[in-house]
Each structure stands twice: as C-alpha cells, then as structure tokens.
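In what follows, chains carry the letters A, B, and so on, assigned in the order in which the sequence lines appear, proteins first and then strands, with residues in each chain numbered from 1. Not measured: the values here are computed from a predicted model.
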Number of protein chains: 2
Amino acid sequence: MTAPPGVSPQRPATIHDVAALSGVAASTVSRALSTPGRVNFRTRARIEAAAAQLKYIPNAQAKALSSGRTKAVAVLVADITNPFYFDIIRGTQLQLKAAGYTQLLVDTEESDEVEVNTVEQLRQTADGVILTASRLSDAALAAVAAKMPVVTINRDIDGVPSVLLDTPTATNQALDHLISLGHSHVAYLGGPETSSSNTRRWAALSEAAKERGVKVVRLGPFAPRTHSGAAAADALVHSGATAGIAFNDLVAIGMLQRLRERGVRVPEDVSIVGCDDIFGADFCSPPLTTVTAPVEQAGRVAVAMLLGKLDAAQGNLPRTQTILPTYLTIRGSTGPAPAAR
Amino acid sequence: MTAPPGVSPQRPATIHDVAALSGVAASTVSRALSTPGRVNFRTRARIEAAAAQLKYIPNAQAKALSSGRTKAVAVLVADITNPFYFDIIRGTQLQLKAAGYTQLLVDTEESDEVEVNTVEQLRQTADGVILTASRLSDAALAAVAAKMPVVTINRDIDGVPSVLLDTPTATNQALDHLISLGHSHVAYLGGPETSSSNTRRWAALSEAAKERGVKVVRLGPFAPRTHSGAAAADALVHSGATAGIAFNDLVAIGMLQRLRERGVRVPEDVSIVGCDDIFGADFCSPPLTTVTAPVEQAGRVAVAMLLGKLDAAQGNLPRTQTILPTYLTIRGSTGPAPAAR
DNA sequence: AAACTCTTGACAACCGATTGCCAAAATTCT
DNA sequence: AGAATTTTGGCAATCGGTTGTCAAGAGTTT
C-alpha cells in the first residue's frame with residue numbers, strides 16, 4: 001500500500017473527524033463501525049473510507065469508559081522468572097491477541113496480598129483476570145471471583161472456572177516407573193504449602209504409595225527455585241530414600257547441581273523426577289525425567305474460557321473446568337535402584 | 001484491619017459517591033486526592049476518610065481520558081519464550097509497579113509489522129513504549145519514536161533513548177580468552193540480520209580479529225532458538241574452526257546438544273561461547289562459557305529512563321543513552337585448542 | 001394516491017474523572 | 001475597622017466514545 005492521500009494529522013483522528021469528513025454525526029460513525037446492519041450500506045462505505053483515510057483508531061479509554069468493557073485481561077503470575085510461567089504467558093498472549101484483547105501482566109511475587117490488591121485495582125481496568133497458581137485462600141479467591149470474571153490455572157475452587165494440569169496422574173506414573181526400577185523408598189520434595197497443585201499431587205502420591213505398598217515420605221516445603229534444590233537434595237540424602245520426586249523442575253534441577261557437588265551420582269545413587277518439563281529440563285545433566293505438561297495450551301484454554309464467559313449472556317457458564325492431561329517423560333535422571341545397603 | 005464500617009456497594013464507588021459522603025463537590029475530591037496543598041487540611045482528611053470508607057479506587061479509564069495519561073507502559077518483546085526476555089520483563093515489571101504503572105506485554109513474534117501495528121494501536125493506550133531488541137528499520141523506528149515516547153533496549157538510533165548491553169566488549173574478551181587457549185580459527189554464529197546487537201557484535205569481533213591476527217568467520221544467520229543450534233553446530237564443524245562464538249545462549253545450548261549427538265566433544269574438540277547468560281547456561285552440559293549481561297537491570301533502567309522522559313518538562317531529555325557493562329563468565333564449554341591436524 | 005410500516009441517522013445524555021476559571025471565605029496588612 | 005491579598009472550593013466544560021430516543025425519509029400495501 002502507498003501512503004494514503006488524506007491528511008496526516010499530528011494528533012490521532014477522533015470519531016468526530018471521521019464524522020465531519022463523511023458528513024454524518026459522530027453517533028452514526030460509531031454505529032457504522034460496530035453495529036453492522038444499523039447503518040445504510042453506502043453510508044457505511046463512505047464512513048469506512050473516511051476512517052481509513054484518517055487512519056482512525058478508536059480511543060480505547062473512551063471506549064472503555066462508555067461501554068464498560070476494556071478489552072483487556074490481566075494475567076497474574078507468582079514469579080515471572082519461573083520458566084513455568086513463560087509458556088503460560090505465551091499461551092495467554094497469543095490467544096488474547098487473536099481476540100483483540102490486551103494483556104496486562106502482573107508479577108505477584110508469591111504474595112497473596114499483592115495478588116488481592118492487584119485484582120482490586122484492576123477491577124475496572126480489565127474485563128477479567130487469569131490467576132495462575134494463585135496463592136489465595138479459598139475464601140479470598142471466592143471473594144475475588146464474586147467481583148469480576150476469573151479463570152484459574154492449577155487451582156480448583158467451586159464455582160470458579162479453572163484449567164487444571166493433571167500432574168497427579170502422571171506423578172503416579174512416575175512412581176510406578178520408579179517402583180519398576182526397584183525403588184521402594186521415595187521422597188516427595190514439596191513446594192509451597194499454599195500451592196494447590198502441591199497439595200493435589202501429594203494427596204495422589206501418598207495414596208498411590210499406600211496402594212502399592214511402598215514408602216513415600218514428604219519433605220519440605222521448598223521454595224520453587226533452583227537454589228532451593230540444595231536444601232532439597234540434602235534432605236533427600238538424609239532421608240535415605242533412593243529416589244526423589246520434586247515439586248517442579250526448578251527444584252529438581254537445583255537438586256541435580258547439589259548432588260553433583262556432594263558427589264552423589266544421578267541416577268546411579270539416587271533417581272530424580274521433576275515436574276512441568278520446563279525449558280532446560282532436556283539439557284541439564286543428566287537430562288531430567290519429568291512430568292511433561294501442556295503449559296502453553298493451559299494458557300490458551302484459560303483465555304478461551306474467560307472470553308467465553310465474558311461474551312456469554314450473564315449466567316451462562318460455557319464450561320467450568322478443563323483438565324489437561326500430562327505424561328511422563330523419561331530421560332536420564334532416573335535409573336535402577338542401588339543395591340540395598 | 002477489620003472490615004470497614006461503611007457500606008459495601010456492589011458497584012465500585014465513584015468520585016461522586018465520595019463527594020456526596022463528604023459533602024463537597026467532585027472536583028474538590030479530585031483535587032484533595034491529587035494536588036496536596038490545594039485543599040484545606042481538614043476537608044482533605046474528611047475526604048480521605050470517606051474514600052477509605054467507600055474503598056474508592058479511581059477509574060483508570062476515566063482518569064486517562066481526561067488527563068491524557070494512562071499510567072501504562074507497553075513492553076514489546078520479539079519472542080516471549082526466549083529466556084533472555086524473562087529477565088527484562090521482570091525488570092520492567094518491578095520498576096513499573098513501583099512507580100504505579102501498569103505493564104502491557106506484547107509478543108511481536110519477530111515481526112516488524114506486528115511491532116509497528118502494535119505501537120500504532122497503543123499510541124493512546126500507553127504513555128510510552130519499551131522496545132526490546134526491535135526488528136524495525138531505522139526509519140520505521142524513528143517514525144515510531146516521533147509519535148510517542150520510546151526507549152529501546154539493545155538498539156541504538158539517533159534521538160531515541162536507549163539502553164545498550166555492551167556485549168561487544170565482552171565478546172572481544174571472549175575472543176582473547178579463546179586466543180590464549182590456542183585457538184586461531186574462530187567462527188561467529190550470527191543471529192537475525194535485523195538484530196542490532198548482532199550487527200554490533202560482529203563489527204566489534206571482526207575488527208578485533210584483524211587486530212589480533214586471527215581468523216574469524218561469520219556463519220549463519222541462525223534463528224535465536226535452541227533448535228537452530230543444530231544447523232549452527234554443523235556449520236561450525238564444516239567451517240573447520242576450533243571454537244564458536246554464538247549469537248546467544250539459546251543457539252549455543254542447541255549447539256552443545258547437536259555436537260554431543262555428532263560425537264564432537266566440547267571443549268576437547270571444539271570450544272563454544274554463548275551470550276547473555278540466560279537461565280540454563282550454568283547447568284547445561286558442559287556449563288556454558290558465556291557473556292554475562294545485567295539483563296534485569298536493563299529492563300529497570302529502560303523504565304526509569306522512560307518515566308523520566310514522561311515526567312520531565314517537554315524538551316527536557318534526562319539521559320539519552322545508558323550502556324551497561326557485561327563480563328565474560330568462563331565455565332566448562334571452552335578449553336585448549338586441539339593440536340593442529 | 002393515501003395510509004402505514006420500516007429503515008436510517010441525528011440529537012443529547014452519559015461514562016468518571018480532570019482542570020480552567022471565578023467567587024466566597026479566611027488571612028494579613030495598613 | 002476596612003482594604004488588600006491569599007486561600008479554598010464549586011461550577012461547568014472537556015476528554016472520546018456509546019447508546020436510548022425519536023423524527024424524517026424511503027418503501028410497501030391497499
């Protein structure tokens with residue numbers, strides 16, 4: 001396209017400029033551009049031509065103010081440097097952009113207070129909120145959801161639409177994998193106590209252990225960061241377990257590093273399983289056996305659910321929960337149990 | 001704090017509610033809450049009490065519409081799943097939140113078209129834009145900067161404030177490091193042709209090579225992703241060079257994987273140097289010798305510069321360029337050159 | 001051709017703040 | 001005490017759209 005023939009004003013064109021140029025009222029321009037059949041075909045064509053000529057872009061603030069909808073969605077993450085969230089954010093970003101929405105990204109720094117304050121602030125700034133791995137209490141989360149449309153990821157509360165990555169099932173597969181390798185004493189290196197997926201996973205794991213008649217102890221909690229892996233590794237060694245299932249890959253990778261420092265060989269002396277299959281899980285040393293989760297998809301689905309909720313007539317809940325399957329990816333960090341001492 | 005004694009309205013309180021409750025005009029409330037000395041002390045106290053009781057939160061849209069400032073800054077990244085940007089985003093996020101600004105995150109998917117369209121859209125939605133590793137042409141970037149406040153990261157254009165990570169200097173250090181290990185034939189595995197830091201680094205590297213009398217060839221371009229590392233590794237092997245300096249750590253890590261597959265030992269057969277020191281560079285195998293850059297700081301500085309520009313009286317340019325030093329971090333991926341064949 | 005229905009487009013109020021302007025009140029000065 | 005000066009607070013216009021209401025014009029029916 002060549003440069004348009006029209007003027008190129010310093011200040012962006014408003015709806016009034018378009019109205020003046022096409023010889024109609026501002027309200028007609030508004031209708032022509034939104035309600036299709038409300039305005040004559042020829043008039044609309046004229047208006048659209050004028051809008052194109054002036055490079056008219058509707059002012060989002062004015063639109064939001066009068067319509068009440070901001071076309072923005074806030075995505076809250078607990079820690080933006082955690083690679084787990086990268087893929088979620090990319091998923092939400094892609095899906096939101098496709099729908100013409102803007103993404104407001106907020107790092108809550110693992111603080112429930114920041115989380116609830118942010119939502120309060122954003123109440124009128126965003127049409128809805130996606131809470132990834134919320135640290136809120138059930139009550140606080142319910143209160144938030146009562147005030148504005150919310151979709152959670154990895155957090156299951158009655159009445160709040162959610163996307164769950166079904167890591168417990170795959171974690172049980174991991175346990176079976178370890179058992180088949182001869183391990184009978186396994187440790188779970190727990191994550192934040194306020195983490196819902198942590199709770200769910202431990203519940204599944206401890207029950208599975210009971211059924212299968214193996215010993216699974218819970219250690220921690222450990223912060224979901226690589227440097228916590230040192231403490232986790234030491235705790236694992238001290239526990240006497242021959243295999244560890246970590247809350248997430250960050251902790252698992254940190255454990256790998258620490259164990260190497262201590263001269264504990266993986267997987268010869270001890271086996272390690274992570275969770276999430278984050279960036280780096282495939283090239284650490286040894287490559288990490290982990291639970292692979294469709295994280296980006298979780299972000300996309302969460303956005304789709306939220307937008308569906310926004311578009312739907314009030315009271316119409318399209319879908320209230322989506323469970324995404326995960327699977328076990330076996331790499332080099334798990335191996336046969338060492339011969340009994 | 002206990003629950004406030006006041007009513008708890010379903011609809012958020014407006015400035016008029018506060019005005020009514022405190023018995024003044026809406027404009028007085030606005031002044032009391034913004035211009036400190038403009039309103040009587042007692043009156044202000046009364047207004048603040050009313051605001052607190054009603055849990056009044058100013059409507060951001062209305063504020064933006066009438067004031068012209070949105071208190072939002074857009075951060076554009078080329079690829080959100082590239083860990084390099086994680087730290088930038090965290091830096092911008094922290095600094096923006098501290099200043100009471102909202103962060104709009106946009107993934108431009110390495111497309112200059114998306115980049116320029118986004119800026120056009122955001123012109124009235126954000127007070128300013130931070131372009132990280134822009135893929136725009138000089139002309140397009142200048143045009144964008146003429147329309148709204150812009151700060152770039154790793155992109156140096158006259159008249160546009162920028163934050164530069166001084167990777168060229170440290171890359172030259174890397175070259176010296178390799179030379180001291182006996183390497184005399186080095187390859188540079190280039191990144192996107194439209195990347196400014198790629199251009200700057202190669203310029204510095206080729207000149208340094210000339211000065212030092214060693215052979216440095218340029219290969220590529222390679223996409224800044226791990227999977228491009230395979231092609232980069234093959235090209236490196238084919239070139240006959242004994243050491244490779246990669247555009248970034250993603251490519252370098254990808255090379256490490258590919259070289260291992262091919263049975264080429266690192267660093268015995270070939271040495272690899274990365275750039276950025278991203279998440280994973282320290283735990284890949286072997287750990288990557290790389291140029292460590294203060295990436296999060298770059299994000300923070302960029303925001304500080306942008307906000308300074310916004311606050312400053314028009315025409316007052318606080319600072320136009322910040323160069324952040326980087327340094328060489330030597331790990332396990334570099335070693336003595338193999339004996340000449 | 002008259003009566004009637006349907007379509008179209010303009011007017012104006014409104015969303016929730018900010019801000020220029022001015023008058024009333026308080027303060028200080030002579 | 002009265003005049004001059006400063007402080008304080010309210011009115012109303014404005015930002016750029018959306019949307020309810022209604023009259024004029026076009027089209028249809030008998």
Would you kindly give the [atom1]-to-[atom2] distance between [X] and [N], to the nearest whole Å?
{"X": "Leu65(B)", "N": "dT18(D)", "atom1": "CG", "atom2": "P", "result": "12 Å"}
{"X": "Asn59(A)", "N": "dT14(D)", "atom1": "CG", "atom2": "C1'", "result": "13 Å"}
{"X": "Lys71(A)", "N": "dG17(D)", "atom1": "NZ", "atom2": "P", "result": "16 Å"}
{"X": "Asp17(B)", "N": "dA17(C)", "atom1": "CG", "atom2": "C1'", "result": "13 Å"}
{"X": "His16(B)", "N": "dA12(D)", "atom1": "NE2", "atom2": "P", "result": "13 Å"}
{"X": "Leu33(A)", "N": "dG17(D)", "atom1": "CG", "atom2": "P", "result": "10 Å"}

* Asked: Roughly how far apart are Thr108(B) OG1 and Ile80(B) CD1, rounded to 0.5 Å?
  -> 10.0 Å
Heavy-atom donor-acceptor pair, [X] side chain to [Y] backbone, under 3.5 Å:
{"X": "Ser162(A)", "Y": "Thr152(A)", "result": "no"}
{"X": "Arg123(B)", "Y": "Ile57(A)", "result": "no"}
{"X": "Lys97(B)", "Y": "Val106(A)", "result": "no"}
{"X": "Asp17(A)", "Y": "Thr14(A)", "result": "yes"}

* Annotated protein contacts, base or backbone, on nucleotides 18-23 of chain C with a non-hydrogen cut-off under 4.0 Å, one of B, S, - each -> SBBB--
* Structure fact -> Axis-to-axis angle for the helix from dA1(C)-dT30(D) to dT30(C)-dA1(D), ends of five pairs each, to 10°, equals 40°
* To do: Starting from the 5' end of DNA chain D, give me the residue, Arg46(B) or Gln61(A), whose nearest nucleotide shows up first.
  => Arg46(B)
* Identified side-chain contact (heavy atoms from CB on, under 4.5 Å) partner of Val18(A) from the options Ile47(A), Val24(A), Thr28(A) -> Ile47(A)
* Should the pair Asp87(A)-Arg300(A) be classified as a salt bridge under the 4.0 Å nitrogen-to-oxygen rule? -> no
* **Donor-acceptor side-chain pairing of Glu115(B) and Ser134(B) below 3.5 angstrom** => yes
